[in-house]
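We count residues from 1, following the sequence as given.
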Amino acid sequence: MPLLLIFLINYSEAKKSISINKLRYSTYQTHTRVVLDLDGSAEFTRNRLTNPDRIFFDLKNCTLPSKDKTVSVNNGTLNSIRMAQYDSKTVRVVLEVNDIRKYSVFTLEDPNRLVIDIYNGKNKKRAKKDSKSRGKVLADKNKYKIKRVVIDPGHGGRDPGAVGPRGTREKDIVLRVGKKLGKLLKKDGVEVIFTRDRDKFVPLNERTEIANSKKADLFISIHTNASKKRKTRGMETYFLSWSNDREAIKVAARENKVSIKKMQKMQGGLSMILQDLARNSKREESKRLAYSVQSEMVNSLKRDYNKIHDLGVKYALFYVLVGAEMPSILVEISFISNRDEEKRLATNKYRDRIAKAIAKGIDNYISKSTLIVNPDVRGLPSG
Ligand SMILES: [Zn+2]
């Protein structure tokens, strides 16, 4: 009977055709991202042809709900996107590109989607212009420091996040901490953008897309931790990187809502992005931001609370941080699975103290950034 059941499930899965619900794209300074929203997880093959330079993907067992579609983009990197029903079971997506350095493709879940990133070539006139104006923006930033911060309270809506032994939900706690943090940063004259400011479901990729499209200077994702070992407690801060550490992978798998096995497989698929990330200065900045927030959190909470465990700064592959173009961190403020920490998280006082500590950590990071990005200029007014 179980065998038959398995066969039936596989059979029905194989029969179910996946459709492409939506096609979207966004242009960033370094790359263009194309996203296909699907109603299931699709297998695909990829290929590249020259004259004209184009990349195409064949999505298997897939149908287009409407007629063939062509979208003109013409942003210097991506000319157009064409989608067509290649045969009864295959949809072909063709990206006509222009002077690109490389591209990467990966799938994400919940909701299912295929993400294609196309990186600008080096010989772009546009890119040269960008880097000049970027230098100017940086100079301005020295005067005004960091202007815009995105606060990302984890989970929300149909996704409660981790739930404590007394029923406290991660999504409610992190929303409150996030809002408090927002108030504190606004008082400091920083513009704050929330990925959600109420109990609402926001897909993981949309969260960094909000940050990128609003050209935010920092991205702060707030979560509570959970462990099957109820005794585990403490605070830790993450930045995005490839990881071999089993505990870090576990945390990332939970936040990404995938299995640990899948996490490991995913890391392989994303290795190109992560290699790019390793060369990217944002990684060093993210690391510095993570250390600043983590140490402020641990040190300030220790003054009023006992048993504040410093689990340190770690790195892992968090979906929500993939593609962020600014320094970005994910803070696990405490363990909701630990009875004592759950009790603390349920109080205003503890949440306020954490929000204050994160704000102070960001502040410390910003004041040090000002010194570091402008080491040659002396006699600049401080403030
Ligand atoms: Zn979480």
Requested in this report: Indicate the atoms forming the closest heavy-atom contact of Leu345 with Ile173, along with that distance.
Outcome: O-CD1, 3.4 Å
**Report entry** Sidechain-backbone polar pair: Ser19 side chain, Asn21 backbone, donor-acceptor under 3.5 Å
**Finding:** no
Requested in this report: Indicate yes or no: does Arg339 engage Glu342 in a salt bridge with an N to O separation below 4.0 Å.
Outcome: no
Requested in this report: Not counting sequence neighbours, which residues clear side chain to side chain contact (heavy atoms under 4.5 Å, CB included) with Leu23? List them please.
Outcome: Val34, Leu36, Val71, Ile81, Met83
Query raised in the report: With a 4.5 Å heavy-atom cut-off, do Leu114 and Val105 have their side chains touching?
Result: yes
Report summary line: The side-chain hydrogen bond (donor to acceptor under 3.5 Å, both in side chains) partner of Lys314 among Glu236, Glu247, Gln294 is Glu236
**Report entry** Single-linkage hydrophobic cluster, 4.5 Å side-chain cutoff, Leu311 and Ile354 together
**Finding:** no
Query raised in the report: How about Phe56: does its CZ atom have over 12 heavy atoms from other parts shown lying under 6.0 Å from it?
Result: yes
Requested in this report: Quick one: do Asp352 and Val177 satisfy side chain to side chain contact (heavy atoms under 4.5 Å, CB included)? Show the steps, please.
Outcome: CA-CA 7 Å; Asp352 284 2; Val177 172; over 6 Å; no
Query - Hydrophobic cluster identity match, Val202 and Val115, side-chain contacts under 4.5 Å - result: no
Query raised in the report: Would you say the side-chain atoms of Asn79 pair up with the backbone N or O of Asn74, donor to acceptor, closer than 3.5 Å?
Result: no
Query raised in the report: Is it true that the NZ or CZ of Lys349 lies under 6.0 Å from the centre of Tyr305's six-membered ring and within 45 degrees of the ring axis?
Result: yes
Query - Any donor-acceptor N/O pair, Glu43 side chain to Lys60 backbone, under 3.5 Å - result: no
Requested in this report: Count the heavy atoms of every other residue, nucleotide or ligand shown that sit under 6.0 Å from CZ of Arg176, and state whether that count exceeds 12.
Outcome: no
Query raised in the report: Taking Ser295 for the side chain and Tyr291 for the main chain, is one N or O donor matched with an acceptor at less than 3.5 Å?
Result: yes
Query raised in the report: side chain to side chain contact (heavy atoms under 4.5 Å, CB included) between Asp58 and Val91: does it pass, once the steps are laid out?
Result: CA-CA 6 Å; Asp58 281 339; Val91 169; over 6 Å; no
**Report entry** Polar side chain donor-acceptor pair, Thr27 to Asn75, under 3.5 angstrom
**Finding:** yes
Query raised in the report: Does Leu38 belong to the same Ile/Leu/Val/Met/Phe/Trp/Tyr cluster as Tyr86, with side-chain heavy atoms less than 4.5 Å apart forming each link?
Result: no
Report task. Starting from the C-alpha separation in whole Å, work towards a yes-or-no answer on side chain to side chain contact (heavy atoms under 4.5 Å, CB included) for His31 and Arg101. Result -> CA-CA 10 Å; His31 65 284; Arg101 185 157 56 87; over 6 Å; no
Query raised in the report: Do the non-hydrogen side-chain atoms of Arg113 and Arg24 ever get within less than 4.5 Å of each other?
Result: yes
Query - Within-4.5 Å side-chain heavy-atom neighbours: Lys171 and Asp199 - result: yes
Requested in this report: Grab the two heavy atoms, one from Val150 and one from Ala216, that are nearest each other, plus how far apart they are.
Outcome: CG2-CB, 3.5 Å
Report summary line: Closest heavy-atom pair, Pro327 versus Tyr365, reported as atoms and distance to 0.1 Å, is CG-OH, 3.5 Å
Query raised in the report: What pair of heavy atoms forms the shortest contact from Asn212 to Met326, and how long is it?
Result: OD1-CE, 3.3 Å
Query raised in the report: Under 3.5 Å, side chain of Lys147 to main-chain N/O of Glu191, donor-acceptor pair present?
Result: no
Query raised in the report: With respect to Val190, which candidate in Leu185, Leu184, Ile362, Asp217 satisfies the side-chain contact (heavy atoms from CB on, under 4.5 Å) definition?
Result: Leu185
Requested in this report: Working to the nearest 0.5 Å, report the span between CZ of Phe219 and OG of Ser286.
Outcome: 11.0 Å
Requested in this report: Salt-bridge test for Arg233 and Asp340: reply yes if a basic N is under 4.0 Å from a carboxylate O, no otherwise.
Outcome: yes
Query raised in the report: To the nearest 0.5 Å, how far apart are CD1 in Ile18 and SG in Cys62?
Result: 6.0 Å
Query - Side chain Asn61, main chain Ser17, donor-acceptor under 3.5 Å - result: no
Query raised in the report: Do you know which two heavy atoms are closest between Tyr350 and Ile333, and how far apart they sit?
Result: OH-O, 4.4 Å
Query raised in the report: How about Arg198: does its CZ atom have over 12 heavy atoms from other parts shown lying under 6.0 Å from it?
Result: no
**Report entry** Donor-acceptor contact below 3.5 Å, side chain Asp363 vs main chain Ala359
**Finding:** no
Report task. Taking all non-hydrogen atoms of both residues into account, name the closest pair between Val174 and Arg196 and its distance. Result -> CG2-NH2, 3.9 Å
Using a 3.5 Å cut-off and no angle test, enumerate the donor-acceptor pairs between side-chain atoms of residues 151-162 and protein atoms at least two apart in sequence or in another chain.
from, atom 1, to, atom 2, distance (Å)
Asp152, OD1, Thr195, OG1, 2.6
Asp152, OD1, Arg207, NH1, 2.6
Asp152, OD2, Ser221, OG, 2.6
His155, ND1, Asp159, OD1, 3.3
His155, ND1, Asp159, OD2, 2.8
His155, NE2, Glu170, OE1, 3.3
His155, NE2, Glu170, OE2, 3.1
His155, NE2, His223, ND1, 3.2
His155, NE2, Glu255, OE1, 2.9
Arg158, NH1, Asp110, OD1, 3.3
Asp159, OD1, Gly161, N, 3.0

Query - Nearest-0.5 Å distance, CG of residue Leu330 to CD1 of residue Ile220 - result: 10.0 Å
Report task. Look at the side chain of Thr32 and the backbone N and O of Leu78, then say whether any donor-acceptor pair between them is shorter than 3.5 Å. Result -> no
Query raised in the report: Okay, side chain of Ser300, backbone of Glu296: is any donor-acceptor separation there less than 3.5 Å?
Result: yes
Query raised in the report: Between Phe57 and Arg46, is there a cation-pi geometry (under 6.0 Å to ring centre, at most 45° from the normal)?
Result: no
Query raised in the report: Could you give the distance from CG (Leu49) to CG (Asn47), rounded to the nearest 0.5 Å?
Result: 6.5 Å
Query raised in the report: Side chains of Val35 and Arg33: does their closest heavy-atom pair fall under 4.5 Å?
Result: yes
Query - Exercise: do Ser292 and Asn364 side chains pair donor with acceptor under 3.5 Å - result: no
Query - Residue pair Thr77, Asp99: steps toward the side chain to side chain contact (heavy atoms under 4.5 Å, CB included) verdict - result: CA-CA 6 Å; Thr77 301; Asp99 182 25; over 6 Å; no
Query - Distance flag, aromatic centroids of Tyr119 and Tyr103, threshold under 6.0 Å - result: no
Report task. State the CG-CD1 distance between Asn120 and Ile118, to the nearest 0.5 angstrom. Result -> 9.5 Å
Query raised in the report: Under 4.0 Å between a Lys/Arg side-chain N and an Asp/Glu carboxylate O for Arg48 and Asp53?
Result: yes
Query raised in the report: Hey, does Thr63 have a side-chain heavy atom less than 4.5 Å from the side chain of Gln85?
Result: yes
Requested in this report: Measure the shortest side-chain to side-chain distance between Ile308 and Met297 over non-hydrogen atoms and say whether it is less than 4.5 angstrom.
Outcome: no
Query raised in the report: Taking C-beta and beyond as the side chain, do Thr232 and His309 meet within less than 4.5 Å on heavy atoms?
Result: no
**Report entry** Student check: side-chain heavy atoms of Ile116 and Leu95 closer than 4.5 Å
**Finding:** yes
Query raised in the report: Under 3.5 Å, side chain of Glu332 to main-chain N/O of Met235, donor-acceptor pair present?
Result: no
Query - CG on Leu175 to CZ on Arg169, rounded to 0.5 Å - result: 11.0 Å
